[in-house]
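One structure below.
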Amino acid sequence: MGTSGFSWKLDDHPKLPKGKTIGLIVLDGWGEADPDQYNCIHVAETPIMDSFKKTAPEKWRLIRAHGKAVGLPTEDDMGNSEVGHNALGAGRIYAQGAKLVDLALASGKIYDGEGFKYIQQCFDKGTLHLIGLLSDGGVHSRLDQLQLLLKGASEHGAKRIRVHMLTDGRDVLDGSSVGFVETLENDLAKLREKGIDAQIASGGGRMYVTMDRYENDWEVVKRGWDAQVLGEAPHKFQNALEAVKKLRTEQPKANDQYLPPFVIVDGSGKAVGPIVDGDAVVTINFRADRMVMLAKALEYQDFVKFDRVRVPKIHYAGMLQYDGELKLPSHYLVSPPEIERTSGEYLVHNGVRTFACSETVKFGHVTFFWNGNRSGCFNSEMEEYVEIPSDVGITFNVQPKMKAIEIAEKARDAILSGKFHQVRVNLPNGDMVGHTGDIEATIVACKAADEAVKMIIDAIEQVGGIFVVTADHGNAEDMVKRDKKGKPQLDKTGNIQILTSHTLQPVPIAIGGPGLAPGVRFRNDVPTGGLANVAATVINLHGFVAPSDYETTLIEVVDH
Ligand SMILES: O=C(O)[C@@H](CO)OP(=O)(O)O
Ligand SMILES: [Mn+2]
Ligand SMILES: [Mn+2]
């Protein structure tokens, strides 16, 4: 679309009225899968979510939430919150970070960019540090991209390289960290054969070290800082493989996600890779939410979230720029997708007042990701964003109800206040508890989410509004690793392998409520519809025609 003649003004929908209150509910990690004992949504009592499908099948359908439908490189890529909420809010499919990094590495363009040239300035005298998630999950980072970057950086002058690895177990099976470390060690050994001083310098589990998000718990980032920058950690090893294996078995509850921080030391007990003046640092994750806090600690002069003790003068680049609004970090290897003209921005320009709410761990999902990776409101007169503080320092299987009811209460009050046309929430339970791999707790989580949906729908009933209930990707509907035929896969000891990750499953979308015009139903000519089709659908329900370059609407209005 050219800028000449561009207007934010949306045309009136020929058949649908304006001014209805829409309750827009995103259940995080809520896919549709065959019913069995590992489908926690099926096992849980979820009368409200069940009722949509049963009582109004023409207003219930499945939509795609993984792979190419959300801009990921392949159909084997599971969905995730970043790409899911981007698609839901933006109404179009953008090539996402994973894909953009793949392209930049394959073409070699990454090495010609400003970001790489900036870190390259340190290669002569300093060390190149690579910090990030070590797995092939493809949600935040990918091991093969790290491998290519290691090779490429060494070919472009890096002589001394240190990797600060974070173990995963959330996007991949718990215990898979061991294999990833082996692969990485192999690559580093090859670099050493070529005369490059390359080794792992520190590590820790992603949920306990470094990768907090939305400022839920700065202690997590501090633990990482101490190990990565200061070279200090409670556990010291001479070998990373040994570190991971030992800490996994010896520490209570130390699975891949929660591995305690460790540093690698030399024979004399000295850390092999603290970050010092003159070094270069790259955070290798392409996904933003869990890198923003570290980026702030690395880049901000004035920083008070924890005592950094020593702030090295470094050249720092992100794999991507993580926050376009904050311009953070200021240097990056690959440009992020430019997601513009999101539905939220259109709606404020067309008089639609919005309320958005979740608890901390998902707050940025319904705001930052929803708005195309943009912090804050478009127009604070038209929008109100409310964050409910999440519990800190626990795994959510011990509190599976999380803040679902509190979120629903805020949504209910916002709906009943009559001040808003769109009340948008993310209900985190299916996802956050699903990631713990605790099946019993995930069942409780799904029930809690269903109760929260009920509370919001009841408020919509009271004001004569419309509801749209959907999800961003699967998780809780499948808690076991399966073989190609769909049968649960057993590990060497004959136990089932718990699946903590998201899935490739489609997600439901249901519409309804007393304000829904008679004759509105899902079209049946959009069989491949996905999350990106939701924005146009919602814009229609607000009484407008969606922008012409948006993915098509899912609804039609038949004469009654
Ligand atoms: O917790 C996260 O960072 C991811 C999984 O890696 O989950 P989600 O995409 O649902 O936020
Ligand atoms: Mn999610
Ligand atoms: Mn998740």
Side-chain angles (χ1 to χ4, degrees), residues 25-31 40 65-66 70-72 77-89 96-98 132-143 166-174 176-177 205-214 216-217 220 255-258 285-294 322 358-370 373 390 395-397 402 404 424-438 442 445-446 449 470-479 499-507 531 534:
I25 304 171
V26 181
L27 292 141
D28 213 296
W30 191 286
C40 292
H66 81 287
V70 285
L72 291 170
D77 289 303
M78 60 191 150
N80 71 69
S81 292
E82 175 188 49
V83 300
H85 287 77
N86 280 172
L88 285 166
Q96 287 284 352
L133 186 64
L134 186 71
S135 89
D136 62 7
V139 173
H140 293 269
S141 68
R142 273 209 339 260
L143 175 61
L166 301 164
T167 50
D168 188 347
R170 189 174 178 91
D171 301 328
V172 289
L173 293 184
D174 183 46
S176 60
S177 59
R206 57 176 282 177
M207 298 303 284
Y208 193 62
V209 176
T210 299
M211 282 175 60
D212 188 45
R213 65 177 165 208
Y214 308 141
N216 195 44
D217 184 2
V220 175
N255 52 19
D256 285 354
Q257 294 191 59
Y258 284 89
N285 290 15
F286 42 73
R287 175 161 152 176
D289 56 346
R290 294 190 185 276
M291 278 292 120
V292 162
M293 293 166 76
L294 172 58
Y322 300 128
S358 190
E359 61 171 283
T360 310
V361 293
K362 296 287 180 187
F363 176 67
H365 289 34
V366 273
T367 55
F368 176 82
F369 286 149
W370 192 275
N373 305 338
S390 287
T395 55
F396 287 105
N397 55 331
M402 300 184 68
R424 179 170 81 231
V425 297
N426 175 299
L427 297 173
N429 311 65
D431 183 66
M432 293 301 285
V433 187
H435 280 307
T436 68
D438 182 332
T442 307
C446 293
T470 189
D472 61 340
H473 53 76
N475 186 335
E477 79 288 359
D478 197 6
M479 297 291 288
L499 191 75
T500 53
S501 72
H502 301 164
T503 68
L504 302 170
Q505 297 302 123
V507 298
L531 296 180
V534 174

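Predicted model, so just to flag it, every value in this text is computed and none were measured. Numbering of ligands and ligand atoms starts at 1, following listing order.
Under the 4.5 Å side-chain criterion, counting only non-hydrogen atoms from C-beta, Met291 is in contact with Thr210.
Shortest contact from atom 9 (O) of ligand 1 to any protein heavy atom: Ser81 N, 2.7 Å. In this structure, atom 5 (C) of ligand 1 lies nearest to the protein heavy atom Asp171 OD1, 3.0 Å.
Within ligand 1, the atoms closer than 4.0 Å to a non-hydrogen atom of Asn80 are 9 (O), numbered from 1 in the order shown. Residue Arg290 has at least one heavy-atom neighbour below 4.0 Å for each of these atoms of ligand 1: 1 (O), 2 (C), 3 (O). Atom numbering of ligand 1 starts at 1 in the shown order; those under 4.0 Å from a heavy atom of Arg170 are 1 (O), 2 (C). Taking every non-hydrogen atom of Arg206 and a distance limit under 4.0 Å, the qualifying atoms of ligand 1 come out as 1 (O), 2 (C), 3 (O), 5 (C), 6 (O). Within ligand 1, counting atoms from 1 as listed, the ones closer than 4.0 Å to a heavy atom of His473 are 10 (O). Every atom of ligand 1 with a heavy atom of Asp28 under 4.0 Å away is listed here by number and element: 10 (O). Near Val139, the atoms of ligand 1 lying under 4.0 angstrom from a non-hydrogen atom of the residue are 6 (O). Every atom of ligand 1 with a heavy atom of His435 under 4.0 Å away is listed here by number and element: 5 (C), 7 (O).
For Ser135 (side chain) and Asp168 (main-chain N/O), no donor-acceptor pair under 3.5 Å exists by modelled atom type. Thr360 contributes no side-chain N or O that, together with a main-chain N or O of Asn216, makes up a donor-acceptor pair within less than 3.5 Å. Between the side chain of Asp212 and the main chain of Asp217, a donor-acceptor pair closer than 3.5 Å is present. Side-chain atoms of Asn86 come within 3.5 Å of backbone atoms of Phe369 as a donor-acceptor pair (strictly under, hydrogens ignored).
Between Arg142 and Phe286, the shortest heavy-atom contact is N-CE2, 4.0 Å. Nearest heavy atoms, Ala98 versus Leu72: CB-CD2, 4.5 Å.
In this structure, His435 has its ring center at least 6.0 angstrom away from the ring center of Phe396.
Checked against a 3.5 angstrom limit, the closest N/O atoms of Asp289 and ligand 1 fall outside it. Taking distance alone, with nitrogen or oxygen atoms compared against 3.5 Å, Arg213 approaches ligand 1 more closely than that limit.
Within a radius of less than 2.8 Å around the Mn ion (ligand 3), the protein N, O or S atoms are Asp431 OD1, Asp431 OD2, His435 NE2, His502 NE2.
The distance from atom OG of Ser177 to atom CG of Leu133, rounded to the nearest 0.5 Å, is 11.0 Å.
When the Mn ion (ligand 2) is compared with the N/O/S atoms of Asp472, atom OD2 turns out nearest.
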Worked verdict on Thr503 versus Asp478 for side-chain hydrogen bond (donor to acceptor under 3.5 Å, both in side chains): CA-CA 7 Å; Thr503 68; Asp478 197 6; over 6 Å; no
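Ligand 1 lies nowhere less than 4.0 angstrom from a heavy atom belonging to Met432. Contact analysis puts His365 in contact with ligand 1, with a non-hydrogen atom separation below 4.0 angstrom.
The ring pair (Phe, Tyr, Trp, His ring centres under 6.0 Å) test applied to His473 returns His502, not counting sequence neighbours.
Ion pairing between Lys362 and Asp472 fails under the 4.0 Å rule for side-chain N and carboxylate O.
Between Tyr258 and Tyr208, the ring planes are tilted. Angles from 30° to 60° get that label.
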